[in-house]
Amino acid sequence: MRSFVTRPRALAVLLAGGALAFSPLGGTATAQLPVDQTANPCLTPAEGPAARGGFGKDHREMSAAEQKSIEARTAELLKAKQARGLAPKAGKLAAANVPVYIHVMRSSSGAGDVTATQISQQIAELNQNFAGGESSQAANTGFTFTLAGTYRYNNDTWHRDGQSTTYRAQTRKGGKNALNVWLVNFSYLGIATFPWDYASNPSIDGIRVQYTSLPGGSATNFNLGKTATHEAGHWFGLYHTFQGGCTSTNDGVADTPAQGSSSSGCPTGRDSCSLSGLDPIHNYMDYSYDSCYNQYTPGQSTRISNMWTAYRA
């Protein structure tokens, strides 16, 4: 999840996934959440710069014990699939074309609409980012994205992300390999579900994204389409780079230096952790401005491959 308001930090929560907080344009920003999102408060171990422009933290608490449990379960699933010949061969990573279903949740008057061009540009942005096209240090994850359908709805409640469990269950398309993106006007930049939650909650699987964050949108500093990239990272199984704070466990990826807290803006040289390495402020899974983002690492690519094989292949 990504946050996006330039006001006092709101407490963001996420049900089975990650989220980012953002103050709705043209309205009064509040620290309240839709009624179906009031469990599992977000937790970042160390206080630091407010998330993405001043918004609250964006995903539910994930303790070290819970991370360990997920890793053990993932290893079991990978071993079973390898035994059945359903996993990539040694030295190879998974790759796939992901069908993307875009759900434009407009108000009854049509507010919150986006153009076909913006949607096309968002798909192109996902493809560029997951292909490592923005930096020589970025990994090509092997995953590509194809627009499978665009659906537009006029519903005031859905537009502001009310009854989100209901509307997702009624509108979601495709199987576990399909990325559903709901474009709404809420107090976050984005919210995502994790792949290991699909089996128990398949009808809500996907990401919710502030519609003004698409390319050409009005979300200042967050309108290059990289909120969807960040949330898709969660959907693939990545944590924030600051998950767990300044610990050796951190986000479970060896080549993303540990962070004591999230970044804000693009603070070159920031080092919030005593462990080796500067904060990975250019990583799509930190809380930097869109213009600062430019990479997933090889380690994150490997994790994406493993999570895809275990839970979505």
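Everything numeric in this text was worked out from a predicted model, so none of it was measured.
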S.K.: Check whether any side-chain heavy atom of R168 sits under 4.5 Å from a side-chain heavy atom of N180, and report yes or no.
M.R.: no

S.K.: For E125, which residues count as a salt bridge (charged side-chain N to carboxylate O under 4.0 Å, His left out) partner, sequence neighbours excluded?
M.R.: none

S.K.: Hydrogens and angles aside, do S261 and R270 bring a side-chain donor and acceptor to less than 3.5 Å of each other?
M.R.: yes

S.K.: Applying side-chain contact (heavy atoms from CB on, under 4.5 Å), name anything that partners N140, two or more places apart in sequence or on another chain.
M.R.: A131

S.K.: When the ring planes of F130 and Y296 are compared, do they come out parallel, tilted or perpendicular, using 30° and 60° as the limits?
M.R.: tilted

S.K.: Using side chain to side chain contact (heavy atoms under 4.5 Å, CB included), reason through D286 and S262 one step at a time and then give a plain yes or no.
M.R.: CA-CA 6 Å; D286 195 3; S262 60; 4.2 Å; yes

S.K.: Would you say that Q137 contacts H282 through its side chain, given a criterion of any heavy-atom pair below 4.5 Å between the two side chains?
M.R.: no

S.K.: Is any side-chain heavy atom of I207 less than 4.5 Å from a side-chain heavy atom of T227?
M.R.: no

S.K.: Report the residues that fulfil ring pair (Phe, Tyr, Trp, His ring centres under 6.0 Å) with W308, sequence neighbours left out, ordered by chain and then residue number.
M.R.: F143, F236

S.K.: With ring pair (Phe, Tyr, Trp, His ring centres under 6.0 Å) as the rule and sequence neighbours excluded, what pairs involving residues 247-274 come up?
M.R.: none

S.K.: List in chain and number order the residues that pass side-chain contact (heavy atoms from CB on, under 4.5 Å) with P195, two or more places apart in sequence or in another chain; answer none if no residue qualifies.
M.R.: M307, Y311, R312

S.K.: Establish, from distance only, whether the side-chain atoms of Y167 and D161 form a donor-acceptor pair under 3.5 Å.
M.R.: yes

S.K.: Under 3.5 Å, is there a donor-acceptor pair between the N129 and Y284 side chains?
M.R.: yes

S.K.: With rounding to the nearest 0.5 Å, note down the distance linking OG1 in T229 to CE in M285.
M.R.: 10.0 Å

S.K.: For residues 86-116, which residue pairs qualify under disulfide bond (SG atoms under 2.5 Å apart), counting only residues two or more places apart or in two chains?
M.R.: none

S.K.: Are D290 and K226 within salt-bridge range, i.e. N to O under 4.0 Å?
M.R.: no

S.K.: Are L238 and D251 packed together at the side-chain level, in the sense that at least one heavy-atom pair is separated by less than 4.5 angstrom?
M.R.: no

S.K.: Which heavy atom in T241 sits nearest to a heavy atom in P280, and how many Å separate them?
M.R.: CB-CG, 3.8 Å

S.K.: Name every donor-acceptor pair, under 3.5 Å, that has one atom in a side chain of residues 104-116 and the other anywhere in the protein, sequence neighbours excluded.
M.R.:
from: R106; atom 1: NE; to: N154; atom 2: OD1; distance (Å): 3.0
from: R106; atom 1: NH1; to: D113; atom 2: OD2; distance (Å): 3.2
from: R106; atom 1: NH2; to: N154; atom 2: OD1; distance (Å): 2.7
from: S107; atom 1: OG; to: S109; atom 2: N; distance (Å): 3.3
from: S107; atom 1: OG; to: S109; atom 2: OG; distance (Å): 3.0
from: S107; atom 1: OG; to: G110; atom 2: N; distance (Å): 3.4
from: S107; atom 1: OG; to: A111; atom 2: N; distance (Å): 3.0
from: S108; atom 1: OG; to: D156; atom 2: OD1; distance (Å): 3.0
from: S108; atom 1: OG; to: D156; atom 2: OD2; distance (Å): 3.0
from: D113; atom 1: OD1; to: R152; atom 2: NH1; distance (Å): 2.4
from: T115; atom 1: OG1; to: T117; atom 2: N; distance (Å): 3.4
from: T115; atom 1: OG1; to: Q118; atom 2: N; distance (Å): 3.0

S.K.: Only pairs at least two apart or in different chains count here, so list each ring pair (Phe, Tyr, Trp, His ring centres under 6.0 Å) that has a residue in residues 250-269.
M.R.: none

S.K.: Heavy-atom distance under 4.5 Å between the side chains of F186 and I191, does that happen here?
M.R.: yes

S.K.: Can you list everything that forms a ring pair (Phe, Tyr, Trp, His ring centres under 6.0 Å) with H103? Sequence neighbours excluded, please.
M.R.: Y151, W182

S.K.: Before you tell me yes or no, could you show the steps for N185 and Y211 under side chain to side chain contact (heavy atoms under 4.5 Å, CB included), namely the whole-Å CA-CA distance, both residues' side-chain angles and the distance that decides it to 0.1 Å?
M.R.: CA-CA 6 Å; N185 187 29; Y211 80 95; 3.8 Å; yes

S.K.: To the nearest 0.5 Å, what is the distance between CD1 (I102) and CG (L179)?
M.R.: 7.5 Å

S.K.: Minimum heavy-atom separation for G245 and A258, please, with both atom names.
M.R.: O-CB, 4.4 Å

S.K.: Take L214 and V209 through the side chain to side chain contact (heavy atoms under 4.5 Å, CB included) test and state the conclusion after the steps.
M.R.: CA-CA 9 Å; L214 265 62; V209 171; 4.3 Å; yes

S.K.: What residue pairs, at least two apart or across chains, pass side chain to side chain donor-acceptor pair (under 3.5 Å) with a residue in residues 81-90?
M.R.: none

S.K.: If you measure only the distance, is there a donor-acceptor pair under 3.5 Å linking the side chains of T212 and Q210?
M.R.: yes

S.K.: Does the pair R73/E76 count as a salt bridge with the N-to-O cut at 4.0 Å?
M.R.: yes

S.K.: Flag yes if L183 and L224 sit in one hydrophobic cluster, no otherwise; membership is Ile, Leu, Val, Met, Phe, Trp, Tyr, and two members link when side-chain heavy atoms are under 4.5 Å apart.
M.R.: no

S.K.: Report yes or no: does T309 contribute a side-chain atom to a donor-acceptor pair with the main-chain N or O of S305 at less than 3.5 Å?
M.R.: yes

S.K.: How many angstroms lie between CD1 in I123 and CD in Q128, if you round to the nearest 0.5 Å?
M.R.: 13.5 Å

S.K.: Set out, in order, the CA-CA distance, both residues' side-chain angles and the distance that settles side chain to side chain contact (heavy atoms under 4.5 Å, CB included) for W235 and F194, then state yes or no.
M.R.: CA-CA 5 Å; W235 183 81; F194 286 127; over 6 Å; no

S.K.: Quick one: sort the H230 and H234 rings into parallel, tilted or perpendicular, breaks at 30° and 60°.
M.R.: perpendicular

S.K.: Tell me, with the steps shown, if N97 and T144 meet side-chain hydrogen bond (donor to acceptor under 3.5 Å, both in side chains).
M.R.: CA-CA 5 Å; N97 181 261; T144 57; 2.8 Å; yes

S.K.: In Å, rounded to the nearest 0.5 Å, how long is the span from CG of L77 to NZ of K79?
M.R.: 12.5 Å

S.K.: If you compare all heavy atoms of L126 against all heavy atoms of A232, which two are closest, and at what distance to 0.1 Å?
M.R.: CD2-CB, 4.3 Å

S.K.: Looking only at non-hydrogen atoms, find the nearest pair between G265 and P267 and report the distance.
M.R.: C-CD, 3.7 Å

S.K.: Only counting residues at least two apart or in another chain, list the ones meeting side-chain contact (heavy atoms from CB on, under 4.5 Å) with A148.
M.R.: P99, Y101

S.K.: Considering all heavy atoms of both residues, which atom of S274 and which atom of C246 are nearest to each other, and what is their separation?
M.R.: N-SG, 3.5 Å

S.K.: If you round to the nearest 0.5 Å, how far is OG of S272 from CG of L278?
M.R.: 10.0 Å

S.K.: Taking only residues two or more places apart in sequence or in another chain, which ones pass side-chain contact (heavy atoms from CB on, under 4.5 Å) with T297?
M.R.: V253, D255, T256, N283, Q295, Q300

S.K.: Tell me the closest heavy-atom pair linking C292 and S288, and the distance in Å.
M.R.: CB-CB, 3.7 Å

S.K.: Counting only N and O atoms by type, is there a donor-acceptor contact under 3.5 Å from the side chain of Q122 to the main-chain atoms of G225?
M.R.: yes

